[in-house]
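Below is one structure, written out as structure tokens; the observations come after it.
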Amino acid sequence: MTGCCNKAKDALDMNYLYLAEGLGVDVFPETNVTAVKPATKKGGYYIETRSTTGVFKRFDVFRARGVIFAGGVMGFLPLLFKCKQKGYLPEISDQLGNVVRTNSEALVGSVAKDRSFDYSEGIAITSGIYPDKNTHIETVRYGKGHDAMSMIATMLVGGGKPWPRQLRYLAGIPTKPGRSLRSILPRHWAQRSTILLVMQKIANNTSLCWRKIPGFFTL
């Protein structure tokens, strides 16, 4: 979701960060925490950071009496794994990454072939239905120009034996090259898309582990 375009609370600088700054919190934008290390001599912690923008990266170190990890699962889990495995915070539980819950949402949509269609005008979420007691489906639109969201989407193909979804997807490329090409081109994607936001309240969880691939770490 990217929210409404017209002065809506669709950005952190208009809601959480705005309210935090109003209470006196200092916010450092475009900055990633790369390590948290104990400050052994006087207590507290050193927080190592790196800028995320600019040609020349900026590296800063902050010192704090305490640290709260509150960046979301995909935001702080890699950092915690790194701090544990490198020995910065060795007492982190071995259960780190187990029983990770999501908000049980899936985005399923359709894209019009005709570029003259424009579904982007209006509020972000208009209406919803309950097809059963555990499922809620809402219609969602992305604002005009939010085409980069298409880069996290792909064509929906059927599953099942004997062919996994990946092979079914690849098999569809030579048979329908035009459709396949349109699916990866972001231009005017937001204007031509209608998205269904599917949410369920059924209890579920997954697990994340930290492994090393030559050249970099990944989840």
Side-chain angles (χ1 to χ4, degrees), residues 1-23 25 27 29-30 52-53 70-77 99-160 164-166 168-169 172-173 175-206 208 219:
M1 288 299 300
T2 59
C4 299
C5 297
N6 186 21
K7 297 182 180 180
K9 290 187 176 182
D10 66 337
L12 289 175
D13 56 353
M14 300 178 68
N15 47 56
Y16 299 113
L17 297 184
Y18 170 79
L19 296 173
E21 288 180 319
L23 295 174
V25 174
V27 177
E30 301 173 347
T52 59
T53 57
V73 172
M74 299 307 295
F76 70 74
L77 265 182
V99 192
V100 175
R101 296 188 180 276
T102 72
N103 55 2
S104 298
E105 292 183 356
L107 296 173
V108 184
S110 60
V111 183
K113 294 181 180 179
D114 191 340
R115 293 191 175 184
S116 65
F117 286 98
D118 188 352
Y119 302 128
S120 65
E121 295 295 328
I123 61 176
I125 299 177
T126 58
S127 57
I129 61 170
Y130 289 89
D132 59 51
K133 64 179 182 180
N134 294 313
T135 307
H136 184 212
I137 302 176
E138 297 176 340
T139 55
V140 177
R141 58 166 55 93
Y142 291 110
K144 192 173 184 178
H146 293 190
D147 302 324
M149 296 298 295
S150 68
M151 305 305 292
I152 62 173
T154 187
M155 290 189 296
L156 180 64
V157 297
R165 290 184 184 272
Q166 295 90 332
R168 292 175 185 268
Y169 173 82
I173 295 177
T175 57
K176 296 184 179 180
R179 183 188 66 177
S180 301
L181 180 61
R182 286 196 301 271
S183 70
I184 62 175
L185 294 178
R187 184 172 173 80
H188 301 307
W189 179 86
Q191 294 173 236
R192 298 182 291 118
S193 297
T194 297
I195 307 297
L196 297 179
L197 176 59
V198 185
M199 299 168 285
Q200 290 189 316
K201 61 181 182 180
I202 301 174
N204 63 84
N205 62 268
T206 186
L208 298 176
L219 277 174

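Counting from 1, the numbers follow the sequence of the chain as shown. The figures here come from the full heavy-atom set of this structure, side chains too, leaving out hydrogens, waters and symmetry mates.
Considering all non-hydrogen atoms of both residues, S120 and A190 come closest at CB-O, 4.2 Å. The minimum heavy-atom distance linking T154 with Y169 is given by the pair OG1-CE1, 3.4 Å. Nearest heavy atoms, V111 versus W189: CG2-NE1, 3.6 Å.
Put simply, the side chain of R192 never gets that close to the backbone of R115: no donor and acceptor are under 3.5 Å apart. Of the possible donor and acceptor atoms, none in the side chain of N205 sits under 3.5 Å from a partner among the backbone N and O of R101. Put simply, the side chain of D114 never gets that close to the backbone of A112: no donor and acceptor are under 3.5 Å apart. With hydrogens and angles disregarded, no donor-acceptor distance shorter than 3.5 Å links the side chain of N134 to the backbone of K201.
L107 has its side chain out of reach of I152: every pair of non-hydrogen atoms, C-beta onward, lies at least 4.5 Å apart. Between E105 and L197 the shortest side-chain heavy-atom distance falls below 4.5 Å.
Taking OH of Y16 as the start and CD of E21 as the end, the distance is 15.5 Å to the nearest 0.5 Å. Atoms CG and CD, from D147 and Q191 in turn, are 6.5 Å apart once rounded to the nearest 0.5 Å. Distance check: I125 CD1 to I195 CD1 gives 12.0 Å after rounding to the nearest 0.5 Å. One finds the OG atom of S104 at 8.0 Å from the CD1 atom of I202 (value rounded to the nearest 0.5 Å). Rounding to the nearest 0.5 Å gives a distance of 5.0 Å between CE of M199 and NE2 of H136.
In this structure Y18 satisfies the side-chain contact (heavy atoms from CB on, under 4.5 Å) test with no other residue, sequence neighbours excluded. Annotation: side-chain contact (heavy atoms from CB on, under 4.5 Å) contacts of T126 (sequence neighbours excluded): I123, T139, R141.
A donor and an acceptor atom, one from each side chain of T135 and Q200, are located under 3.5 Å apart.
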Side chain to side chain contact (heavy atoms under 4.5 Å, CB included) between L19 and V25, worked out: CA-CA 9 Å; L19 296 173; V25 174; over 6 Å; no
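Annotation for R168: atom CZ counts as buried by contact number, over 12 foreign heavy atoms lying within 6.0 Å.
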